K.L.:
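Provided herewith is a single structure, encoded as structure tokens, for subsequent inquiry.
None of the values given here were measured: they were computed from a predicted structure. Side chains are part of it too, since the values below use all heavy atoms of this structure and drop only hydrogens, waters and symmetry mates.
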Amino acid sequence: MEQTFVAERSVSPANGVERWVVADARTYDLHAEACAFLAGLRSKGRSPNTERVYAGRLALYLNYCTQRRIEWSCPGFMALSGLQQWLVTTPLPARSRRTPAAPRYRSQVTANAVMTAVTDFLRFGALHG
């Protein structure tokens, strides 16, 4: 899948504080709603690792929606069901180009973790308009 959105670590030049953001892969414009959600995680005192993992999962979700022309802010039941299925049936990118390995897939547990991040993000969006 082509990456339209990526999770990136940002460092403030003013104070050196590290944060995770979701940005457009070509222009590096920030995805405002995803970044607001990640800032909300920080304000709740969540671990920086939680923020990092959620940023990657949100980028994955936004890419999925972009590829399928789904409005990310109101996906509907069938779109979310399709995401769940896609997560476990689509092979992951190869780790190395040297040796062709058997395709790897996400486990159902990993797919559920991605869905948790997505539903938290959508719930955040619903609460904050």
K.L.:
For Glu51, check side chain to side chain donor-acceptor pair (under 3.5 Å) against everything at least two apart and list the hits.
P.N.:
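If we apply the side chain to side chain donor-acceptor pair (under 3.5 Å) test to Glu51, skipping adjacent residues, the hits are Arg42.
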
K.L.:
Quick check on the hydrophobic clustering: are Leu80 and Trp86 connected, directly or via other members, by side-chain heavy-atom contacts under 4.5 Å?
P.N.:
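Yes, it is one cluster - the side chains of Leu80 and Trp86 are joined through contacts under 4.5 Å.
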
K.L.:
Strictly distance-based, threshold 3.5 Å: is any side-chain N or O of Arg104 a donor or acceptor partner for the main-chain N or O of Pro93?
P.N.:
yes

K.L.:
Using the rule that two of Ile, Leu, Val, Met, Phe, Trp, Tyr join whenever any of their side-chain heavy atoms come within less than 4.5 Å, decide whether Leu41 and Val6 are in one cluster.
P.N.:
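Result: no, two separate clusters.
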
K.L.:
Is there a path of hydrophobic side-chain contacts, each under 4.5 Å between heavy atoms, that joins Leu30 and Leu60?
P.N.:
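Leu30 and Leu60: separate clusters.
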
K.L.:
Would you give the length of the straight line joining atom CG of Leu92 to atom CG of Leu87, rounded to the nearest 0.5 angstrom?
P.N.:
9.5 Å

K.L.:
Spell out, yes or no, whether Tyr64 and Phe37 are grouped together once hydrophobic residues are joined by side-chain heavy atoms under 4.5 Å, including indirect joins.
P.N.:
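Same cluster: Tyr64 reaches Phe37 through Ile, Leu, Val, Met, Phe, Trp or Tyr contacts under 4.5 Å.
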
K.L.:
Tell me yes or no: between the side chains of Thr66 and Asn63, is some donor less than 3.5 Å from an acceptor?
P.N.:
no

K.L.:
How about Phe121 and Tyr54: do any of their side-chain heavy atoms sit closer than 4.5 Å?
P.N.:
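A side-chain contact is absent here, since even the closest heavy-atom pair is not under 4.5 Å.
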
K.L.:
Same cluster or not: Met115 versus Trp72, using hydrophobic residues (I, L, V, M, F, W, Y) connected whenever any side-chain heavy atoms lie under 4.5 Å apart?
P.N.:
yes

K.L.:
Pro75 versus Tyr61: any side-chain heavy-atom pair under 4.5 Å?
P.N.:
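Heavy-atom side-chain distance check passes, below 4.5 Å.
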
K.L.:
Among Asp120, Val53, Leu38, which residue satisfies the side-chain contact (heavy atoms from CB on, under 4.5 Å) criterion with Leu58?
P.N.:
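Filter result, single survivor: Leu38.
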
